[in-house]
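Presented below is the structure to which this report refers.
Values reported hereafter were calculated over all heavy atoms of this structure, with side chains retained and with hydrogens, waters and symmetry mates removed. All of these numbers come straight from a predicted model, not from anything done at the bench.
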Amino acid sequence: MVEDEYAKVQGENDWTAAQAAKYPGRLRALCGFNPLKDYAPKELERCAAHPGLRHGIKMHFGNSDVQLENPEHVKRLQEVFRAANRHRMAIAIHLRANIGLERPYGEAQARAFLTQLMPQAPDILVQVAHFAGAGPGYEDPPANEVMRVFAEAAARRDPNTRNLYFDAASIATPDISPEHAREMVARIRMAGVDKILYGSDAAAPGNMKPHEAWAAFRALPLSPDEFGRIAGKVAPYLQ
């Protein structure tokens, strides 16, 4: 238990908004909260009315221990998705299920996300972070399975992928194997190059520096045109 948890969540969101406000031409703050908490709907509504937080929400399913095979969790998430759609707030999600607790993560969770959550947000961008993994690195078979399902759905133009995008933050690393590099490129092409958003992840200890992350991404066997299209793609909530 965290004492005065909701007050601390509000304080963190307000602090983030204040930092982004210092650089309005470069930064957008997203509203963060655990979607399973009782205060989640209230915080979403507060953020929707806040000029510095109204652009979107960020959820971390691993840290929040969201389990997409749990009907109660899905129900709460559906409420969040509907509210975000109503307020035209983008959704960015660290989708990877909790690794430490060994929560299920694979095709079943990917299909639950596509069929039960995406229909609740037909009018907004939904961004799956880290290519459906956790990062850094590509070696995460469950995440690769989830991304396969998403890419195949996008390739067949499943309506639930119309506004679904994927960022590749920290997934391509300097030591990625040639096999994994080819597989990552195949996933990018299957999902659609125009659905890929580039990101470098936080420049924190243990992570690549932004220029290192870009160099690792540029080492993938993509064409110059594909690199250019990805580099020039800007998420609508940043515009």
Sequence-distant partners of [X], side chain to side chain donor-acceptor pair (under 3.5 Å), two or more places apart:
X      : result
Arg182 : none
Asn207 : none
Arg96  : Asp140

Check: Is Val185 linked to Val128 within one hydrophobic cluster, defined over Ile, Leu, Val, Met, Phe, Trp and Tyr using a side-chain heavy-atom separation of less than 4.5 Å?
Finding: yes
Checklist line | Single-linkage hydrophobic cluster Met190~Val193, side-chain heavy atoms < 4.5 angstrom | finding: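 Shared cluster, no.
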Notebook entry, point to check: What residue pairs, at least two apart or across chains, pass disulfide (SG to SG under 2.5 Å) with a residue in residues 43-114?
Noted result: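 Disulfide (SG to SG under 2.5 Å) check on residues 43-114 returns Cys31-Cys47.
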Any side-chain heavy-atom pair from [X] and [Y] closer than 4.5 angstrom?
X      : Y      : value
His94  : His130 : yes
Ile93  : Gln127 : no
Glu183 : Glu179 : no
Val126 : Asn163 : no
Asp167 : Phe131 : no

Within 6.0 angstrom of [X] [atom1], more than 12 heavy atoms from elsewhere:
X      : atom1 : answer
Lys42  : NZ    : no
Asp123 : CG    : yes
Arg156 : CZ    : yes

Got a sec, which hydrophobics cluster with [X], joining ILVMFWY side chains under 4.5 Å apart, including via others?
X      : result
Leu53  : none
Met208 : none
Tyr237 : Leu30, Leu125, Tyr165, Leu197, Val234, Leu238
Tyr23  : Leu27

Item checked: Any residue meeting salt bridge (Lys or Arg N to Asp or Glu O under 4.0 Å) with Glu72, in chain and number order, not counting sequence neighbours -> Arg76
Checklist line | Listed partners of Arg148 passing salt bridge (Lys or Arg N to Asp or Glu O under 4.0 Å), at least two apart | finding: Glu107, Glu145, Glu152
Check: Thinking salt bridges, do Arg229 and Glu226 make one under a 4.0 Å N-O criterion?
Finding: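 Judged by the 4.0 Å cut-off on N to carboxylate O distance, Arg229 and Glu226 do not form a salt bridge.
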Note to self: Between Glu5 and Lys37, does any side-chain N to carboxylate O distance fall below 4.0 Å?
What the structure shows: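 Counted as a salt bridge, because a side-chain N and a carboxylate O are separated by less than 4.0 Å.
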Check: Could you give all pairs that pass the side chain to side chain donor-acceptor pair (under 3.5 Å) test and reach residues 208-219, with sequence neighbours left out?
Finding: none
Nearest 0.5 Å, please: how far is [atom2] in [Y] from [atom1] in [X]?
X      : Y      : atom1 : atom2 : value
His50  : His55  : NE2   : NE2   : 10.5 Å
Lys75  : Asn70  : NZ    : CG    : 12.0 Å
Asn85  : Met118 : CG    : CE    : 9.5 Å
Lys195 : Arg162 : NZ    : CZ    : 9.0 Å
Asp175 : Glu139 : CG    : CD    : 10.5 Å
Arg82  : Leu77  : CZ    : CG    : 10.5 Å

Next item on the list: Check whether the ring centres of Phe113 and Phe150 lie less than 6.0 Å apart, and answer yes or no.
Entry: yes
Notebook entry, point to check: What about the rings of Phe33 and Tyr39, do their centers lie closer together than 6.0 Å?
Noted result: no
Distance-only donor-acceptor pairs under 3.5 Å for side chains of residues 56-63, two or more places apart:
from	atom 1	to	atom 2	distance (Å)
His60	ND1	Gly62	N	3.4
His60	ND1	Asn63	N	2.9

Margin query: Tell me the closest heavy-atom pair linking Glu43 and Asn13, and the distance in Å.
Written below: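 Minimum heavy-atom contact is OE2-ND2, 2.8 Å.
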